[in-house]
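Below, read A as the first sequence line, B as the second, and so on, with proteins coming before strands; counting in each chain starts at 1. All values derive from a computational prediction rather than experimental measurement.
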Amino acid sequence: VVVQNENAFPVENSCIFESQNLETNNNRLKIIDSQTPEKQLYLCRSVSDDLLEHYLPTLRILDCHLPFSLVSTGKYYDSHSTIKHNQSNDHLLQLSIEKTSLVLQHFISSSNMFQSVDKWMVERVRWWKKYFRLPGNVVTNDTKSDSDELLTRDICYKCPWGNEVIESIRNLGDQPLIDLELRTGQNCKGKWKKKSALPHILQLETSLENSMTAFLLDSYDEREIFSTAKSDEKQEKCLLLLHSHLAPYKVAVATPINRTRQVSLIADHFMTELRKTGVMVFNTLHIENSTQGAQFQQYDELGIPYTIVLNEQTVEKGIVGLRDRNTSTKEQLHMTNVIEKLLSYIKPL
Amino acid sequence: RILKSPARCSSLSVRRWYHQTKNVFSSTEQSYEVEEKTSKDLRRNEINIQMLPNNLHQTIFKDSPNSLSGSNDMKEIEEHLTQHDLWDRPPEILKDIDFSLPQLSGNNIEEHFRNIASEQTEDIKQIVQTFLNSEIPEKPKTWNFAKGWTKYDKNGEATLVDYPDEEILIFDIECLVKEGSYPTMASALSPTHWYSWCSEYLIEKKFRWSTELTLTDLIPLETKKGSVSINNKSKKIIIGHNVGFDRSFIKEQYLIQNKKTCFLDTMSLHIAICGLTSFQRILFNAGKDSHRKEVLEFEKKLRQRYVEHSTDWMSVGTMNSLNAVYQFHCKDSKPLEKEKRNTFVVGTMSDVRDDFQDLLNYCAHDVSATHSVFSKLWPEFLERFPHPVTLAGMIEMGTAYLPINANWERYITLSNAMYDEIQTELKKMLMELANETCEMLEGERYKNDPWLWDLDWSVSDYKLNKSGNENDVPKEDLLEILETDDKEEVERKTLINKVISSKCRIPKRPVYMAGYPVWYKDLCPKPKDEDWQPGPSLISTQMRVVPKLLRLTWDGYPLHFHVDHGWGYLVPGHEESELEKELKKMSTEPIDEVYFPLKNLKEFVRKSKSLDKRRNSKANVKEILNDVDVDSMEPEEKSVHWRAMKGEQPIPDFVFSNLLKQHKGNGPFDIGIPGCLFYRIPHKVRYNVLVNKNGAQNKVGNPLAKDYMNRIEDGTLRAATGDQAQRILYLGKICSYWKNNQERIEKQMSVWLKKSELPKTVTKEEDYDPDSQYGGIIPRIVTAGTVTRRAVERTWLTASNAYEDRIGSELKAMIQAPPGYCFVGADVDSQELWIASILGDAYFKKVHGCTAFGWMTLQGKKQDKTDLHSKTAETASISRDHAKVLNYGRIYGAGQKFAEKLLMQFNPKLTPEEARKKAMKMFISTKGKRNQYRKWFGGSESDMFNALEMIARLHEPKTPVLGCRISKTLEPHNVLEDFMTSRVNWVVQSSAVDYLHLMLVCMRWLFDKYNINGRFSISLHDEVRYMVCNEDKYRAALALQITNLLTRSMFAYKLDMNDLPQSVAFFSAVDIDQCLRKEVTMDCVTPSNIHGLSKGYNIPPGMALDIYEILEITQGSLLKPVSAKDKNNDSDSENNCDSEEAVQG
């Protein structure tokens, strides 16, 4: 999102504030009564509210020219949600007080608002769907606020217990800036197309915890191999089908049971070579007495997309198998081509 | 109260206001001319059908005598209606209507239409005649290479002009395909001068920065550069071949204000006079030795009939291209050099520059050819289509205009985004399916799968060459052994280097994706491909492997593809007979038998069938046990069966074999799979008026195609792997509309207008947003594009309605009136049914509703089940919606065979014999039987068919109302008995076109006469839409109602039935709406418009007003209401459309 916006300003975020100004602290969580009574420490309760504090300085930097965006990421503490959601156990994630969010506020002309919300909605849904295994579970949800005009559009993931919001696109209108003007007494108007007016705020907010949950749920699969045979032959296996860009470990090395020293050396070699390319490798070479099948199963459960499979043939001919978690099939390659191939499979498109 | 209502309130609040006032009216019994009369005063005809009220009847039919039937006739009518259980039904009483019609011009309704149409066309005919009488100037030798218009005088001298200031022009444009929808050059011919036009991008080597079209890109014909004011007062006539295309490049056509330019299309004239039906075109192009199926079938049919037939029609008509038309009508003409055209198709702007003289010559030659063609066609057209309404109607049809705004581009963006998103999801799912299937390779499990067994599972291993030169391995690939390395390190490096060295043995072209089965590799792009990505990304629902991967079933049986038969399914149970077994034993040669997992197939079918039973257990328990004597069973045995029914156990053997034996379908075929029979998937029945295709014989392309959506919905076609696969099918369905229409929708030429180019009516509106976009699309209509003279256009005239599950199907609703305007329009209620029925009534006893078919059309009611569709539904015991399909099919000439196919499609459980009986019953009760004089008798529609066939068989078939002759290629002396379906169909459809032309002419007359500010927007066959200034919308609605009344009266008058039933006199509703849509309340929610029109596009529901409501609002008057201010000041009311105090209604 930031890359696509002109004039996007990153804002550093601290979760603890030291402040005397009571008025601006209304929405913050007081945590510590410090020794000196005139100084209080507060916890940040919303990343987006604090972002607005940076509106005026940024406007001045740009000589009042619109549009521009502010973006921030950080932790915030929300004790309200615990109470709010306690009754229904549905939104499990809401129970934690500490939350991490990513917020972008886009200050634009009100006449473009409708199209902008549309545009971002399309853009963001597409982005999310790219990384989910079951993009059909990404759904959108509209909630109208009390005033008719302001619209919040949520991008949700269908979890077994209900929809979890992973990103919300919100038209905040100009009310926050009207309030800011009142509070600060400063002119908040910006310029575009020779006109001077109060911009409207389009806010995109993502929750890290919710997204993480969604990705984990999405990638977990108990795969039953379809068979027309009788039920006692049924096979099932667990997989963590994380998108290869999201999987922390991209590759592991599997060796045959009771491997020879030569195989071990080649395995070592691969580890070294792979690390040189910056790819995260899962090291299991210390495990010696596990069959290849067992190793594959472990890697599948860990969500590792690729496995380099070595055996005695590798020593003789240099032929290596590159196993794809998705197909459970080993592609045969010469040892010298494996890393290049692997990189082409996992590089971002 | 009415007068004081503010002019500017939104349509929604007007509606609310209106309903309040309506209640006030009824409570105070203060009704304007709408009042209830006692049923005694109502006018009724001989068979008790309510006719027009006296006043209206008097105005329209004056004292024209009503051909009264004698008592004998009455008896016949009574007999006929009694036979169909329609005699003496309680009459429906409609509220009376009384208002004054505008003064008709002429002594009767026919004269009236003749007069108003003549008024609209007289000057056109005159100008054309003068043009045809004059000698045209010679083409200039050289063309002027200059931007804009150049005028050439007799000596070829060129002068630059703003636009050709002429009354009449023959006109042709060329545009460079690579440039997009921009005109590149044009030429024109008037009675006195030649003209040429060049785009500035042709003359100056300018770069086109924007892809947005504005008026400056287009060709002016009436205005100066940068201006939109039109000065010429007289009419302007533009003639061209397929002139609708050229029209879309003319600047002034995009202005909202109505203009006086009209267009004459030589292609339409040609088609009306001697065009070919689409089937005739196939035959025409086929030649002697065609192997096209349709042609062969037609020839076979001819041989079977043993009657004389004629191919004379081939010499009286031809194809529609300018070249074909030119050579056909102008016998001594040389063929046009169409090769030049290639430059415009594949060339660049500089190619055009290089060959400028030749290309403009080519363009001008087309103009000359069009002139010659027009000179031949014009007199013939006037002779064959003598009624002025036909010409006036065609001209009006050629002025179609579709207003759009910023929502147009938003719609395209959203549709594309949604489409791409779903395509990506679809691909992802298909790829995962292919990936998962790979696992079947392990242990050759695929061999036991009734779908996967015949995929190509062969795997090739990665192989190295026997030897290679180790010196070829570059040093830098090897690990360097350093002196500091310890012994272990040296050992390690030596080993690695040894392995690396085998690199020299890698073959030049190593096996790609060694280890993967062939079918999977086919789905993966090669690494060299431009858009390579990992995985089986080439997979799509179009591929033959996909139904297999999805493990699709038809009626519970696995799908199978056969080279000769196409897609079908496998049913187990073909046991080898004793004889076959004997033969096999005797044969000494080893039999090359296909390996097929029969056991697994049986296992699967048993399971899926028992699941099926569980799904609809009640209905099927009996069916399965049909042939089994349940009573004689031991209790234990019985319980086995019942458990089987409940799906707890696979179906027992004999029930299972019974089930298989009972299976009916399109087959069976023995395709060499042991123990299995193959059945074809039934092809969707499509009715084609021209060729009665026998559906079952067609191969099936792809079971995932659009045609099978219904089967997926009803569960006949199902994926055995569960939800994911079902979703793939669903996603495919969502995409189908946009996939098929995306290109032509995106190619629509949308031209945007600046503020100065919009009329004040628009820009003074409060909701006009100067930052937004307003513009228009000129639909490229061929005003008479078929032999029935129906208009043809690919995008708008075929646009579907919005469906919840079709991306982009909200297309029509994206045509949105600019601020200050709205659409006023209506659908003609069951237009073609009424036309057919009134022809039947006229044929029988000349009394409205005297035939059963006529009676049902006029008086039939859904709740009494006396309407046509309910009657048929009852006869054939099918749903009313299905009956509708059957009825229209039959009336358009479909035969009994088609009805059988349809019935079987509606209900796959029907046997062919049952279907045949049902269809026959339906046909006897409707169409009837033929007697020895080849007349139909006994059915509710017999007389209608007799009437249609009589007209079609006349020496010179003409439409009964406007006397339009049939295309020469369908005249009886040229075709004898052939193409009867097309000819019968022509009678109704061509009359429907007459109906439309009458409406267009009448509306133009009323708009002009009462100064209603509006213009024709578009007509979709039985539907007309006008774009009207908000102030005049109710008057326009009343005008539409009057138009319907007069049009139907004209039909009745021409059929010698000087009266009209009130039930059909008016539109059931006139829609006043912001956009085009089927119903004013439709919100057009689709996947690309999830919020609907009112929320997502801010378009409120429109109003649908019936005649009583319109009369209340307008007080039955078409006159512009006088505003309060004008009343006081007694000033002229010329400008009150702009005044703030203008009043509503």
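Only the side chain of B:Lys498 comes within contact range of chain A, with at least one heavy atom under 4.5 Å from a heavy atom of that chain. Only the side chain of B:Arg410 comes within less than 4.5 Å of a heavy atom in chain A; its backbone stays farther off. Neither the backbone nor the side chain of B:Leu731 comes within contact range of chain A; no heavy atoms are under 4.5 Å apart. Contacts of B:Tyr512 with chain A are made by side-chain atoms alone, with heavy-atom separations under 4.5 Å and no backbone atom involved. Contact of B:Ile422 with chain A is not made at all, since no heavy-atom distance falls under 4.5 Å.
Summarising the geometry, atom SG belonging to B:Cys438 is positioned 8.5 Å from atom CG belonging to A:Asp324; distances are rounded to the nearest 0.5 Å. With values rounded to the nearest 0.5 angstrom, A:Thr327 atom OG1 is found 11.5 Å from B:Glu432 atom CD. Once rounded to the nearest 0.5 Å, the distance linking CG of A:Leu322 with CE of B:Met513 reads 10.0 Å. Atom-to-atom distance recorded for A:Ile266:CD1 and B:Leu495:CG is 5.0 Å, nearest 0.5 angstrom.
In terms of non-hydrogen atom pairs under 4.5 Å with chain A, the most contact-rich of B:Leu464, B:Ile496, B:Thr424, B:Leu414 is B:Ile496. Interface check for chain B: of the options A:Ser244, A:Gly321, A:Pro135, A:Ser328, the most heavy-atom pairs under 4.5 Å are formed by A:Pro135. Heavy-atom pairs under 4.5 Å with chain A were tallied for B:Ser772, B:Gly1096, B:Pro597; the largest tally goes to B:Gly1096. Comparing A:Met335, A:Lys341, A:Lys317 by how many heavy-atom pairs each has under 4.5 Å with chain B, the most go to A:Lys317. With chain A as partner, the option from B:Thr437, B:Val499, B:Thr413, B:Asn435 having the largest number of non-hydrogen pairs under 4.5 angstrom is B:Asn435.
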Walk me through it: do A:Lys330 and B:Glu442 pass the test salt bridge (charged side-chain N to carboxylate O under 4.0 Å, His left out)?
CA-CA 11 Å; A:Lys330 296 180 276 285; B:Glu442 214 183 301; over 6 Å; no
When you look at A:Asn337 and B:Ile506, which way does the side chain to side chain contact (heavy atoms under 4.5 Å, CB included) test go after all the steps?
CA-CA 10 Å; A:Asn337 296 332; B:Ile506 299 176; 4.1 Å; yes
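No more than 12 heavy-atom neighbours from other residues, nucleotides or ligands sit within 6.0 angstrom of CG on B:Asn1098. Other residues, nucleotides and ligands contribute only 12 or fewer heavy atoms inside 6.0 Å of the NZ atom of B:Lys487.
The two residues B:His1091 and A:Arg153 come nearest to each other via the heavy atoms NE2-NH2, 3.2 Å. Summarising the geometry of B:Glu421 relative to A:Val122, their closest heavy-atom pair is OE2-O, 4.1 Å, with the distance given to 0.1 Å.
Remark: the B:Tyr520 side chain and the A:Thr329 side chain contain no N/O donor-acceptor pair separated by less than 3.5 Å.
You'll find the side chain of B:Pro510 stays beyond 4.5 Å of the side chain of A:His334, heavy atoms only. In this structure, B:Glu491 and A:Arg261 have side chains that are in contact, with non-hydrogen atoms separated by less than 4.5 Å.
B:Lys428 places a side-chain N or O within donor-acceptor distance of the main-chain N or O of A:Phe132, the cut-off being under 3.5 Å. A donor-acceptor pair is defined here as one N or O able to donate and one able to accept, closer than 3.5 Å; no such pair exists between the side chain of A:Thr336 and the backbone of B:Ile500. Checking side-chain atoms of A:Gln332 against main-chain N and O of B:Tyr462 turns up a donor-acceptor pair under 3.5 Å.
Between B:Glu439 and A:Lys237 there is a salt bridge, since at least one side-chain N of the basic residue sits less than 4.0 Å from a carboxylate O of the acidic one. With salt bridges taken as basic N to acidic carboxylate O contacts below 4.0 Å, none links B:Glu425 and A:Arg126.
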